[in-house]
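As the structure is a computational prediction, the values presented were derived from the model and not from experiment. Lettering of chains follows the sequences in order, A, B, ..., and the numbering in each one begins at 1.
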Amino acid sequence: MTTDANNSLEQDLLFAIVKEKYGHLLTDEQLAGVRNAIVGQRDVFRPIREYRLTNGVEPFSTFTPFRGD
Amino acid sequence: MPDAFTFKPIRELAGLIAGKEVSPVELTQTFLDRLERYGPHYNSLVTLTAERAFQTARQAQAEIAAGRGRGLLHGIPWGAKDLLATGGGIPTTWGAAPFRDQQFDHDATVVVRLEAAGAPLAGKLAMIELAGGMGYIHPDASLTGPPKNPWDTGRWTGGSSSGSGAAVSAGLVPFAIGSETWGSILIPANNCGLAGLRPTYGRVSRYGAMALCWTLDKLGPLCLTADDCGIVLEALSGPDTNDPSTWPEPFAYDPTYNPGRRYRVGVPRGVLDEASDAVRENFEAALENLRDVADVDEMEFPGFPYVEVTSVILMVESASAFEDFLAEGGPLELSGTGWHGRSPYARPAVLATDYIKALRLRGVMAKQVDEVMAGYDAIAAPTAMNTATPIDEEFRSRSMTSAGAGDLMGSIGNGCGLPSTSVPSGFDGDGLPTGIQFMSRAYDENVCLAIAREYQARTEWHRRHPPEPEVRDS
């Protein structure tokens, strides 16, 4: 499959998840808006996915174990 | 007609109180009257907090009379964006119809700190619903109606700290607190002709403030001058055990800060590409003005997908913060029209790996941006590329869910948690303000404030104020 086709399948699957969770709340018009937004989000993910990071680069937020006393 | 106390910076008002030319109670009465009379005219007031304000003002008056002054804010009234929790039966609406009756049994830390400084809380101020967190494209997205700009009520204040911007600009309070996740302090400052300060992330406790995005939310002041912003930030800042993200050192405002050399100001290459003519002309004039005290050089940030990284973090954290609200259909009860193309229901459709990758990239971004910024005292840019837009129109086409042309300064500044202050840089042909922002390295608020003060010492834009509105007594 081409990248575009993969992307399209991914957006279809993501939309299916949203529709399953929230579809009962939304009209057809609103669901169409959700779908458009999900398709638009491809452009947000693309440069993030394309940027290569080495294995040791951690999320920029630190987990600290908690001890109450 | 404005009275003798309206449109006076904090330092001047404090001098009047110290000189017994006005008492904290009189000052509080003055601003409560103005808030009550003009607040609804601008759709900027949610709740007048007169009883609470007078309680603080009376205490301030007694303490000052007894020689126990608490500092420059002692007896100076202020307004709070209505996402700051207030106990005592005062509603905290988050600017949204579904939360119009919401009450808390505690005060936000910033409310506690300002009242500890002796500053009376005069009112809770309007905002874009949920700080714009569900995605909005029209100024009507506010519980109290579209927030009107005091410079022209046919224009918008900007959001989401809309009422905070309008109230200070119209002289309804001497200063106000707003919040910024991405643009919500600086844009109202720009549109309303004010000084606004977005502090470093963690400088000010977020405890008791509505959470939109835990790692992007900041609280900060909207004021008449950069000097005022420094005074207020000092009172707000400091560690808070209720907010583990707070920086351990309190901010000590230095109103005399000077690097002992010429300032070094960088201007990002291409930053004026999308600016309107008025914004461009005023920005270039501002830089020319600053060349008296600063070396101004073009610079370039390292290449990263700043807008995309910050957008993904915002999408995912806001979807989680409002998970129950989404599941209950809450967004369908909001006032804003036209959100379908920016549907909040698309936000949960982000893979965990994309969010974590954005958090990893954020660290690399923050380090490389800091390396570049170490060569400058501040990076200067227009605060917004246009003046205030019409109140009855969609205000932008850029979608949070599409990269678009992007907001370089906003995505870097908020994504990396950097401080920035905006001050007025002039007006356009319609009499609407433009702004210039100065963004500094993390925790360098004294530096960006110093440059903004230098600029304000050389210009008069901040001394202009909107006309007094004609409001009929009911």
Side-chain angles (χ1 to χ4, degrees), chain A, chain B residues 135 214-215 244-245 303-317 319 323 326-333 338-351 353-367 398-404 406 415-417:
Chain A
M1 267 195 291
T2 66
T3 302
D4 280 350
N6 279 329
N7 275 336
S8 176
L9 176 60
E10 180 181 327
Q11 310 318 313
D12 288 345
L13 293 171
L14 288 170
F15 176 67
I17 293 169
V18 171
K19 190 175 177 187
E20 174 68 19
K21 283 184 76 175
Y22 305 112
H24 64 288
L25 298 168
L26 303 172
T27 64
D28 288 347
E29 184 193 5
Q30 288 164 340
L31 279 170
V34 173
R35 186 178 181 84
N36 285 339
I38 289 174
V39 170
Q41 285 171 188
R42 274 191 313 204
D43 296 334
V44 178
F45 305 145
R46 187 178 296 120
I48 292 174
R49 292 176 183 179
E50 286 173 357
Y51 204 97
R52 302 296 295 265
L53 294 171
T54 57
N55 172 264
V57 177
E58 297 183 14
F60 198 45
S61 50
T62 308
F63 167 69
T64 311
F66 177 78
R67 179 168 163 156
D69 57 6
Chain B
W214 299 283
T215 69
S245 72
F304 284 104
Y306 298 104
V307 171
E308 291 81 357
V309 165
T310 308
S311 293
V312 164
I313 293 168
L314 176 52
M315 281 192 279
V316 174
E317 293 191 16
E323 183 179 8
L326 288 167
E328 292 160 5
L332 305 172
E333 297 173 36
W339 61 266
H340 302 145
R342 300 162 59 85
S343 174
Y345 286 101
R347 296 194 187 176
V350 179
L351 297 181
T353 47
D354 289 327
Y355 173 62
I356 297 294
K357 181 79 173 283
L359 292 180
R360 295 171 70 203
L361 257 170
R362 184 186 217 177
V364 181
M365 260 167 50
K367 287 168 191 161
R398 184 179 72 80
S399 164
M400 197 185 299
T401 54
S402 69
C416 299

Close contacts, residues 59-67 of chain A versus chain B, judged by heavy atoms under 4.5 Å: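 Listed by number: Pro59(A), Phe60(A), Ser61(A).
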Do you know which of Ile38(A), Ile48(A), Leu14(A) has the most heavy-atom pairs under 4.5 Å to chain B?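 When all of Ile38(A), Ile48(A), Leu14(A) are compared, Ile48(A) has the most.
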Of the listed residues (Leu53(A), Val18(A), Leu13(A)), which shares the most heavy-atom pairs with chain B below a 4.5 Å separation?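 Of Leu53(A), Val18(A), Leu13(A), Leu53(A) has the most heavy-atom pairs under 4.5 Å with chain B.
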Between CD on residue Gln41(A) and CD on residue Gln11(A), distance to nearest 0.5 Å: 8.0 Å
For the OG atom of Ser245(B) and the CH2 atom of Trp214(B), what is their distance to the nearest 0.5 Å? 12.5 Å
Could you work out, with side-chain contact (heavy atoms from CB on, under 4.5 Å) as the rule, every residue matching Val316(B), not counting sequence neighbours?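 In terms of side-chain contact (heavy atoms from CB on, under 4.5 Å), with neighbours along the sequence ignored, Val316(B) is linked to Val312(B), Val350(B), Tyr355(B).
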Any heavy-atom pair between the side chains of [Y] and [X] that's under 4.5 Å?
X         : Y         : value
Val309(B) : Phe304(B) : no
Tyr345(B) : Leu31(A)  : no
Leu326(B) : Arg347(B) : no

Nearest heavy atoms of Gly415(B) and Arg362(B), plus distance in Å: O-NE, 2.8 Å
Considering only NZ, NE, NH1 and NH2 on the basic side and carboxylate oxygens on the acidic side, decide whether Lys357(B) and Asp354(B) come within less than 4.0 Å. no
With a 4.5 angstrom heavy-atom cut-off, could you sort out which part of Tyr51(A) is near chain B: side chain, backbone, both or neither? both
Let me know if Leu351(B) has heavy atoms under 4.5 Å from chain A in its side chain, its backbone, both or neither. side chain
